[in-house]
Amino acid sequence: MTVHRRFSQLDVFTAVPTQGNPLAVVHDAEGLSDAQMAAFACWTNLSETTFLLPPTDATADYRVRIFTPGGELPFAGHPTLGSCRAWLDAGGRPRQAGRIVQQCGVGCVTVRAQGDRLAFAAPPLTRTPVDDRLLAEVVDALGLPPADLLAACWLDNGPQWLGLRVANATRLRALSPDHGRLKTLAKVGLVAAQDAGGAEGTQFEVRGFAAPIGVEEDPVTGSLNASLAEWLIGEGVAPPAYVAAQGTALGRHGRVHVRREADGLWIGGDVAACIRGELRL
């Protein structure tokens, strides 16, 4: 039997369609099996596809399941902002004006409206040391000059990333990794302080390589930026508010707005609606 569902495709962390990270959203996804969700997410070939469902937590406004081409994630940033925008655009009304509660694999995540921009409260971060042998293999697979590596740490706020702080933003933008090798090693997120060759109005350049989940390079990554921000601000390397550029090497114009406030760390971005239609499975 063919199943009909509303479908949206949005571009996240940009106000200009085609310049951010695309997201596919399936509305009213009750009745779809795990296999159907996984197969559709693989077919879209986007870094993430989400499925909107009624919440099972009484405090949440909706529930979302997040799939990559390689499997399901407990949390991810650009799917959180994009799913929230799709839910609102489809007529969703939060229990509390200006404050939306999304239920996902890590529990409930708060999203708030900041004018036309949305921002999510970063989930708690766990940091652990990196094995020296693995780190050396990753640095070699990236083609990163070892002298450029300033610090490394495992970062986990739902998804786990090997975070690398590097010294040169120009060389970061020019990296051409061996994704086949990275697929067997780790998802890697890199950050460098912005330089004269970078995007005006941004303080950091970010790249995220995720071959282990079927995505060689993610154009703009909210969960990674949240992890990096907790790390950088906690170490005194970054100010409590800044803008990061991501996707530059892919010809994208992703902008991630980071702000540390009294109630936590908020990761914000614009969302551009691109496609609305019907999905038939």
Side-chain angles (χ1 to χ4, degrees), residues 21 42 47-48 66-79 105-106 122-194 204-238 244-250 254 256 258 265 267:
N21 195 355
C42 187
S47 56
E48 279 102 0
I66 304 167
F67 284 80
T68 74
E72 188 170 6
L73 296 178
F75 169 76
H78 106 273
V106 296
L125 176 69
T126 300
R127 291 166 49 188
T128 52
V130 184
D131 176 77
D132 288 342
R133 182 177 297 179
L134 173 64
L135 181 58
E137 289 188 56
V138 168
V139 168
D140 187 60
L142 288 168
L144 180 72
D148 273 9
L149 180 63
L150 301 178
C153 191
W154 283 112
L155 305 170
D156 191 336
N157 61 4
Q160 186 186 61
W161 291 85
L162 174 54
L164 304 181
R165 184 163 66 89
V166 300
N168 189 297
T170 296
R171 283 200 288 271
L172 172 57
R173 288 188 291 271
L175 287 180
S176 182
D178 183 337
H179 296 289
R181 290 179 63 193
L182 288 179
K183 187 172 184 177
T184 66
L185 297 172
K187 293 189 300 174
V188 187
L190 301 95
V191 59
Q194 197 57 277
F204 291 92
E205 188 82 43
V206 172
R207 294 184 76 179
F209 301 115
I213 60 170
V215 181
E216 288 190 351
E217 180 166 3
D218 200 31
V220 202
T221 319
S223 60
L224 171 61
N225 274 277
S227 292
L228 292 172
E230 292 276 16
W231 184 28
L232 298 179
I233 295 172
E235 294 290 319
V237 174
Q246 190 179 352
T248 309
L250 298 175
V256 181
V258 173
L265 180 72
I267 305 298

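Just so it is clear, the model here is predicted, and its values are computed rather than measured.
- If you take CD on Glu230 and CD1 on Ile267, they are separated by 7.5 Å, rounding to the nearest 0.5 Å.
- Residues meeting the salt bridge (Lys or Arg N to Asp or Glu O under 4.0 Å) test with Glu48, sequence neighbours left out: none.
- Summarising the geometry, atom CG belonging to Leu155 is positioned 8.0 Å from atom CG belonging to Leu162; distances are rounded to the nearest 0.5 Å.
- Evaluation of the side-chain hydrogen bond (donor to acceptor under 3.5 Å, both in side chains) test over residues 141-164, restricted to residues two or more places apart or in two chains, returns Asp148-Arg171, Asn157-Ser227.
- If you take CG on Leu190 and CG on Leu164, they are separated by 4.5 Å, rounding to the nearest 0.5 Å.
- Among residue pairs with one or both ends in residues 181-192, those qualifying as side-chain hydrogen bond (donor to acceptor under 3.5 Å, both in side chains) are Asp140-Arg181; sequence neighbours excluded.
- Of all heavy-atom pairs between Pro74 and Pro159, the closest is CG-N, 4.4 Å.
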Distance-only criterion, 3.5 Å: show the donor-acceptor pairs between side-chain atoms of residues 126-139 and protein atoms not counting sequence neighbours.
{"unit_1": "Arg127", "atom_1": "NH2", "unit_2": "Glu235", "atom_2": "OE2", "d": "2.8"}
{"unit_1": "Asp131", "atom_1": "OD2", "unit_2": "Arg133", "atom_2": "N", "d": "3.0"}
{"unit_1": "Asp131", "atom_1": "OD2", "unit_2": "Leu134", "atom_2": "N", "d": "3.0"}

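- Ile213 CD1 to Leu73 CG: the interatomic distance, rounded to the nearest 0.5 Å, is 5.0 Å.
- Residues Ser223 and Ala76 approach most closely at CB-CA, 4.1 Å, considering heavy atoms.
- Pairs of residues two or more places apart, or lying in two chains, that qualify as side-chain hydrogen bond (donor to acceptor under 3.5 Å, both in side chains) and include a residue from residues 205-220 are Asn21-Asp218, Ser47-Asp218, Arg173-Glu205, Gln194-Glu205, Glu205-Thr248, Arg207-Glu217, Asp218-Thr221.
- Pairs engaging residues 207-235 under the ring pair (Phe, Tyr, Trp, His ring centres under 6.0 Å) rule: His179-Phe209 [sequence neighbours left out].
- Here the closest non-hydrogen pair linking Val258 and Ala229 is CG1-CB, 3.7 Å.
- For the pair Ala244 and Val206, the tightest heavy-atom approach, listed with the atom from each and the gap, is CB-CG2, 4.2 Å.
- From Thr170, atom OG1 reaches atom CG of Leu175 across 11.0 Å, with rounding to the nearest 0.5 Å.
- Inter-residue side-chain proximity for Gln246 and Asn225 is flagged as met; some heavy-atom pair is nearer than 4.5 Å.
- For the pair Val166/Val191, no side-chain contact is recorded, criterion being any heavy-atom separation below 4.5 Å from C-beta on.
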